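Below: the structure, in structure tokens.
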Amino acid sequence: RLRVLSGIQPTAGSFHLGNYLGAVRQWVALQESHDAFYMVVDLHAITVPQDPKELRANTRLAVAQLLAAGLDPERCTLFVQSHVPEHAQLGWIMNCLTGFGEASRMTQFKDKSARQGADRATVGLFTYPVLQVADILLYQADQVPVGEDQRQHIELTRDLAERFNGRFGQTFTVPAPYILKETGKIFDLQDPAIKMSKSASTPKGLINLLDDPKVTAKKVRSAVTDTDTVIRYDPEKKPGVSNLLSICSTLTGTAVTDLEQKYEGKGYGALKTDLAEVMVEFVTPFRTRTQQYLDDPETLDALLAKGAEKARTVAAETLAQTYDRMGLLPAK
Ligand code: TYM
């Protein structure tokens, strides 16, 4: 069995449609066929200021949403990053292998620090991708299911794994990104030139899975398309319609070409009305299930304790090997 690992930040409260279609949906599928490790990355979240109470609540909320989306702790290892101290420990090692210039080239850091203001961006935000490298290498992951925006971080992971292996002997599996073409990048419903995201999206262009389904339906119905009326998949010339077709295709399991045929001669309104309905059918039970998991925090915490224990067994072994290869004196 190949191993997969991935993570999601707990920062924003509700997951958005891009998180789900770009990543979480694949996590659910891969737990059936792979040895799967999934985590809520609270240590990554604190690279920007967090309110302690909210962070704690949002971490549980993220876990509840992952369960509601279909993760099954019997089929995967689900845990919270800070419960496994080896992440921070291997993170330090990886910091000592990363070039300053190399870290400076990470585009997500550039975007985020620009948004924060250069003086307010922390060193933690700067080394964020390096902690992500440690997350992945600790588990010897073969594949990392993520959205397109994480590709550069996986590239960095590959570079550092190869560098370490070259210098100190074969230690880490060099992982491959697992990014789906159709859903690797979901776009803002109001501005299909930008990806859907909490920080950059317009409120009307962002679909939060935990929003009132009525609000969601309205957002879908008022999505931006273009001036002609032909429903055709063409991301270059018709990014808005193509985004809706990708979303609809994935949520209904219908091929895009079949959707094109179905809506031939009909206007955008028909597609949007149908998609709004599909979305409502998806988010309504998702919200209910999330709430059910939240209502029972003891069970949630117990399940996380088990997950962390499973994760630690693997992580501790990799870390011990890494320390040894680098020549750190073992504690007696
Ligand atoms: P995060 O929390 O920003 O996002 C979680 C996942 O959602 C994907 N995603 C999207 N996919 C398609 N279209 C979109 N518009 C869209 N927006 C977000 C992201 O690509 C991601 O897969 N750095 C990571 C978390 C992380 C991680 C890891 C991932 C930490 N350690 C180790 C994999 C392996 C992040 O910030 O994801």
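This structure is a prediction, so every number in the text was calculated from the model and none was measured. Atoms within a ligand are numbered from 1 in the order they appear, just like the ligands themselves.
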Just heavy atoms, cut-off under 4.0 Å: does I136 contact ligand 1 by side chain, backbone, both, or neither?
side chain
Mind checking whether H44 contacts ligand 1 via backbone (N, CA, C, O), side chain (CB onward), both or neither, at a 4.0 Å heavy-atom cut-off?
side chain
Counting only heavy atoms closer than 4.0 Å, does ligand 1 sit against the backbone of I8, its side chain, both, or neither?
both
Sole candidate of F282, W27, F15 that passes ring-ring contact (aromatic ring centres under 6.0 Å, His included) when paired with Y20
F282
Among the clusters formed by ILVMFWY side chains lying less than 4.5 Å apart, do V48 and I46 turn up in the same one?
no
Is it the case that ligand 1 has an N or O less than 3.5 angstrom from some N or O of T183?
no
If I apply the N/O under 3.5 Å rule, does E148 come out as touching ligand 1?
no
Does a side chain donor of either E182 or S249 reach within less than 3.5 Å of an acceptor in the other side chain?
no
Min heavy-atom dist V24 to ligand 1 below 4.0 Å:
no
I need the atoms of ligand 1 closer than 4.0 Å to a non-hydrogen atom of G147, numbered in the order shown.
11 (N), 19 (C), 20 (O), 22 (O)
Tell me which part of T11 gets within contact of ligand 1: side chain, backbone, both or neither, using heavy atoms under 4.0 Å.
neither
Judging by distance only, is a nitrogen or oxygen of M196 under 3.5 angstrom from one on ligand 1?
yes
Transitively linked via ILVMFWY side-chain contacts under 4.5 Å: M196 with V220?
yes
Just to verify, which of F79, Y38, F172 counts as forming a ring-ring contact (aromatic ring centres under 6.0 Å, His included) with Y139?
F79
Distance only, no hydrogens: is a donor on one side chain within 3.5 Å (strictly under) of an acceptor on the other, for Q31 and D72?
no
Could you find the nearest protein heavy atom to atom 28 (C) of ligand 1 and give me its residue, atom name and distance?
Q132 CG, 3.4 Å
Can you tell me which portion of D135 lies within the under-4.0 Å heavy-atom range of ligand 1? Options are side chain, backbone, both, or neither.
side chain
Of G18, S197, G22, the one whose closest heavy atom lies nearest atom 10 (C) of ligand 1 is G18
Going by the 4.0 angstrom heavy-atom rule, the piece of S6 near ligand 1 is both
Between H44 and Q132, a side-chain donor and acceptor under 3.5 Å
no
For S199 and R115, test the side chains for any donor-to-acceptor distance below 3.5 angstrom and give the result as yes or no.
yes
Output yes when R232 and D234 qualify as a salt bridge under the 4.0 Å nitrogen-oxygen rule, no when they do not.
yes
N/O separation below 3.5 Å, Q9 to ligand 1:
yes
With heavy atoms and a 4.0 Å threshold, my read on which part of Q81 contacts ligand 1 is neither
N or O contact, I186 vs ligand 1, cut-off under 3.5 Å
yes
Any side-chain donor near an acceptor of the partner, D42 and T59, under 3.5 Å:
no
For ligand 1, note which part of F187 has a heavy atom under 4.0 Å away: side chain, backbone, both or neither.
neither
Distance under 4.0 Å to a non-hydrogen atom of V146: what atoms of ligand 1 satisfy this?
22 (O), 29 (C), 33 (C)
Does K112 count as lying over the ring of Y128, i.e. NZ or CZ under 6.0 Å from the six-ring centre, within 45 degrees of the axis?
yes
Would you say ligand 1 has an N or O under 3.5 Å from any N or O of H153?
no
Atom 35 (C) of ligand 1 [closest protein heavy-atom partner, distance rounded to 0.1 Å]
Y128 OH, 3.4 Å
